Amino acid sequence: MKRQLLVVLILSFALCRGFAGGGQEAASGRSGENLEVEAVAWGSGNYETWFRAVAEEMRTVYPQLTYNIWSTTRFEELQPRIVAGDPPDIIQGNMSQAKQGLFVPLDDILDAPAYDSELTLRETFLPGSLDRYQFDGKTWLIPREPGMLGLWYDEVLFTRYGWTVPETWEEFLALCEQIKADGQVPFTYQGLYPYYLEILITPLIYKTAGEQAFRDINNLVPGAWKNPDVMRAIELAREFMTTPGNVLAGTEGLNHTASQIEWLNHSAVFLPCGTWLEDEMADVIPDGFQMRLMLVPGPSGGKGDNNALVTYVYGGYGVMADGNVEYGKEFVRIMASKKMAQEWARITGMFLPVKGGTDGVQMTPAFTSAHRLLEQAETTIEFYAHGWYPTFRKVYDSRIADVLWGRMTVDHYTDLLEAEAARILADDEIEKQFID
Amino acid sequence: MATILRRKKWGIIIVFLSPAAILYGVLKLYPYVRGLETSLYRWSGLTTTRTFIGLGNFSRLFNDREVFTYLGHNGFMFLAATVTMILGLIIAAILARSRVKGKNFFRVVFFFPNVMSVSLVAALWSLILSPNFGLLNAFLRSIGLDSLAMTWLGPVWALRSVGAIYVWAGFGWFMLLYIAGIQNIPRTLYEAAEIDGASSVYVFFRITVPLIWELVRTTFVFNVMGALNQFALVYVIFEQTPNPNTDMIANYFYWQAFTNYNFGYAASIVTFTFLITLVVTILTWRITKSQTVSY
């Protein structure tokens, strides 16, 4: 009996040790000089392809290192390793995570010469592109590709029917009436994911209510959502969506793939999306389809810059504090090089905010149309509060379809947003950010 | 000698039970205990730094309207699960005793959804319910019922659609269980009822159901637990986008833990759900208790 009990105890200990000790064994494997670089790409196969290209470039400089490159779209896959103190070395992150100490500041490599330029790495980035990654006087992440957001259309349809790109909201509404008269449907969107409607609302709010009002919204200023111009902008979008025939029937039941396929099949003329659209639908874009990006125009007499372009950046890449900091920073330095930015453009058809990042790369006409809008825009706008505060984003996104479809009044919607903004402001546990 | 044999028997039992017991302890009990412990802390889940706040998370939970909204959705799923059970019981009663031709074929067809993963079921029904491409609306339009071609995954119908998918995917399992139970009932009882002129409905309620009541009762308890554990179907169909029309309490927990980085609060949601499940399960078990009928 005692012998059997002893066997059971030994087995139990071995099992528990096996479950509990994995992390420690991984950590001890990294003692001494760490000759492995582990980088996790975020998103589709193209991202991992690019990371592998960066690793190959780095191998020419550091042939003694091994490179472990993989991809995920689930941060929760990384969380257990992060908490256990054995994270990958480079991951995509955001400033909330940076403020919790997950990443190391990158100022030493940013203020040193770039990989393939005489300029410092910081100087090789487009002006302003590092601003959102700064906190406490330091820079924590380097940017991923910025998305440009607007309404996509097929230029072939415009040529066929003689339509012109509208420059004001009134012209846009008149164009939609013309579109319907020509037997087409003006608009569809990714109905199951109503946050895509933000692409319609955000520029409309900015262009109607102006710079100060938009800043107040981002800074959670009490009463910002009750600004009459802000409410008017939401009302304009609501009127558009509820006008019979403007939105493709069944849109609310479409996921992003289905809605985008409907749009490619000319079931609707306009689709709100970002510059990732072309790459995402590359396999199914019909021959002859000429994707072009258009700004959401503001109303005549609006207070904001009518040429403002909405941009959105999905976090940035950083070096984890518990990872291989030395070689991780080198990987990031090479990622941010002009050569790798051009490689990125070649692989994905999108651009990184690095000077010369698209030199010598044949960009698609679709991307060129978006890039032209960026070059012409004196103002780029981003809905920061939407990115900074998950609970605010939840309220905004989960009810945006209700208000634009008329199931909720604009008054009620803005009451909900005001309440959540006030709650965030009052909560000392939530790190607040502000724009000047 | 008898004592030595008894001791040896217990030793062997311990040796063979231990691996399963240890696995259960490590993979089931330990997470429960750690989850309860985590619910007493403010913790982002990103670092090892935690702040003890006692019942602070639970205090917040009871003032969080979303918790009760989503529990309401779980309540709806409980109704769907009950329909699943009843449908399984009726079909089992028909297939177990009737001389319907091809009843084995029907058993396989009805059970087939159960061998599909939840992800596959969700993906399949996302396509079927697609408003413009989907099979359902295409069929309705083809027979002139355009007015019934709804946006099945839109805000108005989404929760009902999820419930219907749950019924479709689940009733086969209940059907199979009940068939096994019904087939254990002696034929002589049914023959006697037939001789006495009892109708099928009478036989169903007075013979079949009472004699498999313990089985029905057990599956009802599974129903309760299943309804409160709903997550994957909504998560896959709506792809983790917070959806106030369909999210279950588990989807809300997931959002709090992995999007809002509020692990402590998420753990309190899970603990609260566990307690509700426990209480409702015990109540269900007691309420459905009836005198055991033996034959």
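In what follows, chains carry the letters A, B, and so on, assigned in the order in which the sequence lines appear, proteins first and then strands, with residues in each chain numbered from 1. Bear in mind that the values here come from a model prediction, so they are computed numbers and not experimental data.
Among the residues in residues 95-105 of chain A, those with a non-hydrogen atom closer than 4.5 angstrom to a non-hydrogen atom of chain B are Gln97(A), Gln100(A), Leu102(A). The stretch residues 52-80 of chain B places Glu66(B), Tyr70(B) near chain A, each with some heavy atom under 4.5 Å from a heavy atom of that chain. Residues of residues 393-408 of chain A that come within less than 4.5 angstrom of chain B, heavy atom to heavy atom, are Arg393(A), Lys394(A), Ser398(A), Arg399(A), Arg407(A) in numerical order. For residues 413-429 of chain A, the interface with chain B (any heavy-atom pair closer than 4.5 Å) comprises Glu429(A), sorted by residue number.
Only the side chain of Tyr195(A) comes within contact range of chain B, with at least one heavy atom under 4.5 Å from a heavy atom of that chain. Proximity to chain A is absent for every atom of Ala158(B), based on heavy atoms less than 4.5 angstrom apart. Using a 4.5 Å cut-off between heavy atoms, Tyr30(B) does not touch chain A at all. Contact of Phe263(B) with chain A is made through the side chain alone, with heavy-atom distances under 4.5 Å. Interface remark: Leu248(A) contributes side-chain atoms only to the contact with chain B (heavy atom separation under 4.5 Å).
Residues Ile237(B) and Tyr193(A) share a closest heavy-atom pair of O-OH, 4.2 Å. Closest approach of Phe133(B) to Ile261(A), counting heavy atoms only: CZ-CG2, 3.8 Å. Pairing each heavy atom of Ser130(B) with each of Leu254(A), the nearest pair is OG-CD2, 4.0 Å. Residue Gly45(B) comes nearest to Gln79(A) through the heavy atom pair O-NE2, 3.2 Å, listed as atom of the first residue, atom of the second, then distance.
For the pair Trp255(B) and Pro390(A), the minimum side-chain heavy-atom distance is below 4.5 Å.
Interface summary for chain B: among Ile82(A), Thr251(A), Leu192(A), Asn255(A), the most heavy-atom pairs under 4.5 angstrom belong to Leu192(A).
A distance of 10.0 Å separates CG in Asp322(A) from OG1 in Thr47(B), rounded to the nearest 0.5 Å.
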